[in-house]
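See structure below.
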Amino acid sequence: MTFQRTIKCSNCGHFNTNRDYCEHCGELINPKLKRELRDKKRVEDREEEERNRVKSNFELFIDRNRNHKNIFIRLFFQLLYGIWFIVMAIGAFIAWLFAAVAA
Ligand SMILES: [Zn+2]
């Protein structure tokens with residue numbers, strides 16, 4: 001005897017037996033899969049947020065000092081900005097390279 005797992009679709013109300021997705025409308029109805037998907041999404045969102053925050057803080061910091069009234073500080077940050085730009089370009093190139101190799 002096999003275990004029959006019947007789940008009611010939260011989207012259309014259709015009763016599905018032993019299915020991860022609704023037979024009627026295609027909605028994901030497996031609660032375990034739903035939770036996994038949500039957790040995965042949450043982790044990705046957090047990582048994305050973290051990346052954006054670090055990047056913008058650093059760039060704001062440089063941008064502020066690039067217009068500093070002291071010429072030496074201004075030159076230093078313009079140099080730093082140039083290095084940052086090159087590092088970003090190299091990073092993008094390496095990412096592209098890995099994508100090209102993997103393909
Ligand atoms: Zn459905």
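Numbers for residues simply follow the sequence, beginning at 1. In listed order, ligands and their atoms are each counted from 1. In this text the structure is predicted, and so the values were computed from the model without any measurement.
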Can you list every salt bridge (charged side-chain N to carboxylate O under 4.0 Å, His left out) pair that touches residues 66-87, not counting sequence neighbours? D63-R66
Which of the protein's N, O or S atoms come within less than 2.8 Å of the Zn ion (ligand 1), not counting waters? C9 SG, C12 SG, C22 SG, C25 SG
Salt bridge check, E49 against R46: does any charged N sit closer than 4.0 Å to a carboxylate O? no
Taking side-chain contact (heavy atoms from CB on, under 4.5 Å) as the definition, give me every residue that meets it alongside N70, ordered by chain and number, with sequence neighbours left out. H68, F72, I73
Do the two ring centres, one from F93 and one from W96, sit under 6.0 Å apart? yes
Less than 4.0 Å between a side-chain N and a carboxylate O, is that true for E50 and R53? yes
Using a 4.5 Å cut-off between side-chain heavy atoms of Ile, Leu, Val, Met, Phe, Trp and Tyr, which other residues end up in the same hydrophobic cluster as L37? Y21, L28, L33
